Amino acid sequence: MVVLVDEEFVEAVLSLVERIPPGRVMSYGAIAEYLGRGGPRQVGAVMSHYGGPVPWHRVVAANGRLVPGHEVEATKRHRREKTPMKGERVDIARAGWWPDADLNG
DNA sequence: GGAATGACGATAA
DNA sequence: ATTATCGCCATTC
């Protein structure tokens, strides 16, 4: 099914998700914003089709909602990574990560 | 080309 | 805090 509309876009998304460190998360919008290509829906679409081999559980909705269909799985993993959370949701205010955030010395 | 869909986001009530 | 609606962007039928 070669639905690779933009292999480059897929690579960029997966590559970025791989860069998300443990205990941190990025929202679909943040990823789309960083890449500057498409929108949050496109990032989510890529994840649903090619987000298998990457730490998808570190990608959450802007409101901290975990990945639909894998809420339990994602929650378990965050518990292992000590991700800052508020009940069933991730505390984006504390766990929100950005590539530049790691450059800060 | 047009309508419907989707791992989203923001706003209104 | 929760539910409902509109907007965004590209894919799919």
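Since the structure is predicted, the reported quantities are computational estimates derived from the model, not experimental observations. Excluded from the calculations below are hydrogen atoms, water molecules and symmetry mates; all remaining heavy atoms, backbone and side chain alike, are included. The chains referred to below are lettered A, B, ... by the order of the sequence lines, with proteins before strands, and numbering in each begins at 1.
- Among residues at least two apart or in separate chains, there is no salt bridge (charged side-chain N to carboxylate O under 4.0 Å, His left out) pair with a member in residues 96-105 of chain A.
- Residue Val72(A) is found outside any hydrophobic cluster, as its side-chain heavy atoms come under 4.5 Å of no other Ile, Leu, Val, Met, Phe, Trp or Tyr.
- Applying the salt bridge (charged side-chain N to carboxylate O under 4.0 Å, His left out) criterion to Glu11(A), with sequence neighbours excluded, gives no partner residue.
- Taking CD1 of Ile92(A) as the start and NZ of Lys86(A) as the end, the distance is 11.0 Å to the nearest 0.5 Å.
- Within residues 17-25 of chain A, no residue has any heavy atom closer than 4.0 Å to DNA chain B.
- The list of ring-ring contact (aromatic ring centres under 6.0 Å, His included) pairs with a residue in residues 15-44 of chain A, not counting sequence neighbours, reads Tyr34(A)-Trp98(A).
- With sequence neighbours excluded, the residues forming a side chain to side chain contact (heavy atoms under 4.5 Å, CB included) with Ala12(A) are Leu35(A), listed by chain and number.
- The stretch residues 51-60 of chain A participates, sequence neighbours left out, in these salt bridge (charged side-chain N to carboxylate O under 4.0 Å, His left out) pairs: Arg58(A)-Glu81(A).
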| request: Summarise how protein sits on nucleotides 7-13 of chain B as a single string, 5' to 3': B when a protein heavy atom is under 4.0 Å from the base, S for sugar-phosphate-only contact, - for no contact. | output: BBSS---

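- The separation between Arg37(A) atom CZ and dT11(C) atom C1' is 16 Å, rounded to whole Å.
- With sequence neighbours excluded, the residues satisfying salt bridge (charged side-chain N to carboxylate O under 4.0 Å, His left out) with Arg77(A) are Glu73(A).
- In this structure, Tyr50(A) atom OH and dT11(C) atom C1' are separated by 11 Å, rounded to whole Å.
- For DNA chain B, none of the residues of residues 75-84 of chain A falls under the heavy-atom distance limit of 4.0 Å.
- With sequence neighbours left out, Arg94(A) forms a side-chain hydrogen bond (donor to acceptor under 3.5 Å, both in side chains) with Asp91(A).
- Within the structure, every pair that satisfies the ring-ring contact (aromatic ring centres under 6.0 Å, His included) test and touches residues 59-78 of chain A, not counting sequence neighbours, is listed here: Trp56(A)-His70(A), His57(A)-His78(A).
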